[in-house]
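Below: one structure, written as structure tokens.
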There are 2 protein chains.
Amino acid sequence: MAAAGDGVTDVDDQVNDALKALANPIRRQMLGWLRDPRANFPTGQGAADLDEYGVCVSQLQEKAGLAQSTVSSYMASLERADLVIGARVGKWTHYRRNEERIARLIEVLDRTL
Amino acid sequence: MAAAGDGVTDVDDQVNDALKALANPIRRQMLGWLRDPRANFPTGQGAADLDEYGVCVSQLQEKAGLAQSTVSSYMASLERADLVIGARVGKWTHYRRNEERIARLIEVLDRTL
DNA sequence: AAATCGCATCGACATATCGCGATGTGCCGG
DNA sequence: CCGGCACATCGCGATATGTCGATGCGATTT
């Protein structure tokens, strides 16, 4: 067998995707902002509870000062790397950290690097 | 002041360089091989003691199956990221892991990611 | 139903990275 | 002093990434 959960996805490929996603200062910073949404973003956008649903793209966009399309694709790459979880609520897409995967990544790096 | 040792080098830039260098399966694997040179490489090339001086480029090249120029530039990027230390002895360049920096990187990632 | 909002996706262009062969360079043995 | 070895650097074409504006699309508001 290959692994536990998914089909063909090798562990090393996942690590590589994560490292590629993290090898960009802006994406790392956005991941950092998501550590404390309430401290980093004004309330009132998207669904009510920032901590539960996460932060929507337009808030990240304004804070980052990049084009909307850029932020969207950045978040998509972080999601593909399993570092964040995106959830659409109404017309907003909320992103929050995937703490389990982040912790797992650190663990794997600590063990295999 | 900016930091301790070097001039303008921001910490975030260093982390970014390290992550970029690590965002490549072959470079990660080469770093892995250097964890135990004696187990992964035959003796008799370069300077005598693999553990002390490290592994020379031609050994890495043969094991990786890549062009010599590729391996050379890969090791250079790992060295620029402070993940390995290169030392020229005679006509060979030996590379060994920079354990302190690797540990520091993991620590920083664990703290700031 | 139409206008609008929030976001994803689509080209497009500039720059960076991948990996190679060829060429340059320092060091060594004869 | 010369040829060869180990490595670095250069130049190259192919692919990937950064970043944008424009367009598409589902959901919402009017």
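Throughout, a chain's letter reflects where its sequence line sits, starting with A, and its residues are numbered from 1.
Contact annotation: A/S73 side-chain N/O to D/dG18 OP1/OP2 distance is not under 4.0 Å. Between B/N24 and the phosphate of C/dC18, there is a side-chain N or O to OP1/OP2 separation shorter than 4.0 Å. A/Y74 has no side-chain polar atom (N or O) that falls below the 4.0 Å cut-off from OP1 or OP2 of D/dC20. Remark: B/R88 is not in phosphate contact with D/dA8, judged by side-chain N or O atoms under 4.0 Å from OP1 or OP2.
Between A/A23 and A/G90, the one whose closest nucleotide on DNA chain D sits nearer the 5' end is A/A23. Position along DNA chain D of the nearest nucleotide to A/R27 versus B/T93 favours B/T93 as the more 5'-ward residue.
Between the OH atom of A/Y95 and the P atom of C/dC7 there is a distance of 9 Å, rounded to whole Å. The interatomic distance linking A/L78 (CG) with D/dT17 (C1') rounds to 14 Å, in whole Å. Here C/dG6 presents its P atom at 16 Å from CZ of A/F41, a figure rounded to the nearest Å. Rounded to whole angstrom, the span from the CZ atom of B/R80 across to the P atom of D/dA8 amounts to 12 Å. In this structure, the NZ atom of B/K91 is 7 Å from the C1' atom of D/dA6, given to the nearest Å. Rounded to whole angstrom, the span from the NE2 atom of B/H94 across to the C1' atom of D/dC7 amounts to 11 Å.
A donor-acceptor pair is defined here as one N or O able to donate and one able to accept, closer than 3.5 Å; such a pair exists between the side chain of A/R27 and the backbone of A/A21. Using modelled atom types, one side-chain atom of A/E79 and one backbone atom of A/G86 make a donor-acceptor pair closer than 3.5 Å. Checking side-chain atoms of B/R28 against main-chain N and O of B/L22 turns up a donor-acceptor pair under 3.5 Å. Using a distance-only test at 3.5 Å, with no hydrogens or angles considered, no donor-acceptor pair links the side chain of B/R97 to the main chain of B/W33.
Backbone-only engagement by A/S58 is indicated by non-hydrogen atom pairs under 4.0 Å involving sugar-phosphate atoms exclusively.
With hydrogens and angles ignored, no donor-acceptor pair under 3.5 angstrom links the side chain of A/T70 to the base of D/dG18. Looking at B/Q68, its side chain comes within 3.5 Å of the base of D/dA8 through a donor and an acceptor atom.
Taking the side chain of B/S69 as heavy atoms from C-beta on, and the options D/dC20, C/dC20, D/dG18, the nearest nucleotide is C/dC20. Checked against D/dC20, D/dC7, C/dC7, the side chain of A/W92 finds its nearest nucleotide in C/dC7. Considering only side-chain atoms of B/L66, the nucleotide from D/dA8, D/dT28, C/dC20 that sits closest is C/dC20. Here the side chain of B/S72 is nearest to one of D/dT9, C/dA8, C/dT9, namely D/dT9.
Using a 4.5 Å cut-off on side-chain heavy atoms (C-beta onward), A/V15 and A/L109 make contact.
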